[in-house]
Amino acid sequence: MAGDVELELGAQRLAASVVRGGISDVKAVLVGVADAVGEQSAGFRGVAADALGVEVSAWLTAAEDVVPALVAYAQALEMVDVTTAATEADNISGLRASAGGFPSGLRMD
């Protein structure tokens with residue numbers, strides 16, 4: 001595997017804001033689909049109406065999880081930046097402490 005792997009602090013926070021910014025659009029689409037299906041299913045009768053009702057109900061139940069999942073994803077993205085920044089600070093502090101006894105000229109600024 002070639003190439004560098006690097007995490008840019010702040011990029012995940014930016015990604016989280018993009019996810020959060022799209023949540024209202026996702027909600028609107030979900031409501032629009034539910035409304036459209038409700039309108040179109042009015043003509044169904046009997047067994048077909050029962051089967052459609054079961055499937056639409058299952059879809060609506062699953063759709064309820066979409067927005068909370070997006071919110072959780074945005075929070076997780078932000079935590080990557082927070083955790084990485086804290087780890088980086090701890091690592092630098094540890095390196096400074098380790099290099100303190102050696103006249104290596106190593107600067108940790």
Side-chain angles (χ1 to χ4, degrees):
M1 184 171 156
D4 293 330
V5 177
E6 183 177 339
L7 186 135
E8 182 180 333
L9 287 178
Q12 287 63 233
R13 190 174 305 271
L14 178 61
S17 71
V18 170
V19 170
R20 281 197 178 92
I23 288 176
S24 62
D25 292 338
V26 170
K27 285 180 184 178
V29 167
L30 293 174
V31 168
V33 168
D35 289 348
V37 169
E39 291 170 8
Q40 297 300 315
S41 64
F44 283 75
R45 301 281 182 257
V47 176
D50 293 341
L52 179 63
V54 167
E55 294 305 318
V56 168
S57 178
W59 186 88
L60 291 172
T61 299
E64 290 175 358
D65 294 337
V66 172
V67 171
L70 289 172
V71 170
Y73 180 56
Q75 291 170 337
L77 284 169
E78 287 178 340
M79 287 309 299
V80 169
D81 271 352
V82 170
T83 303
T84 301
T87 300
E88 191 170 303
D90 289 346
N91 289 344
I92 289 171
S93 178
L95 282 172
R96 282 186 177 142
S98 296
F102 299 102
S104 64
L106 178 64
R107 292 185 48 144
M108 300 299 292
D109 301 328

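Note that the structure is predicted; figures quoted are calculated from it, not measured. Start at 1 with the first residue, then count along the sequence.
- Hydrophobic cluster membership for L14: none, as no Ile, Leu, Val, Met, Phe, Trp or Tyr side chain comes under 4.5 Å of it.
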When the side chains of residues 25-46 are checked against the rest of the protein, which donor-acceptor pairs come out under 3.5 Å, sequence neighbours left out?
residue: S41; atom: OG; partner: V37; partner atom: O; Å: 3.0
residue: S41; atom: OG; partner: G38; partner atom: O; Å: 3.1
residue: R45; atom: NH1; partner: A42; partner atom: O; Å: 2.8

Considering only distance and modelled atom types, tabulate donor-acceptor pairs under 3.5 Å from the side chains of residues 57-85, sequence neighbours left out.
residue: T61; atom: OG1; partner: S57; partner atom: O; Å: 2.9
residue: E78; atom: OE2; partner: R20; partner atom: NH1; Å: 2.9
residue: D81; atom: OD1; partner: G10; partner atom: N; Å: 3.2
residue: D81; atom: OD1; partner: Q12; partner atom: NE2; Å: 2.6
residue: D81; atom: OD2; partner: G10; partner atom: N; Å: 2.9
residue: D81; atom: OD2; partner: R13; partner atom: N; Å: 3.0
residue: T83; atom: OG1; partner: M79; partner atom: O; Å: 2.9
residue: T84; atom: OG1; partner: V80; partner atom: O; Å: 2.7

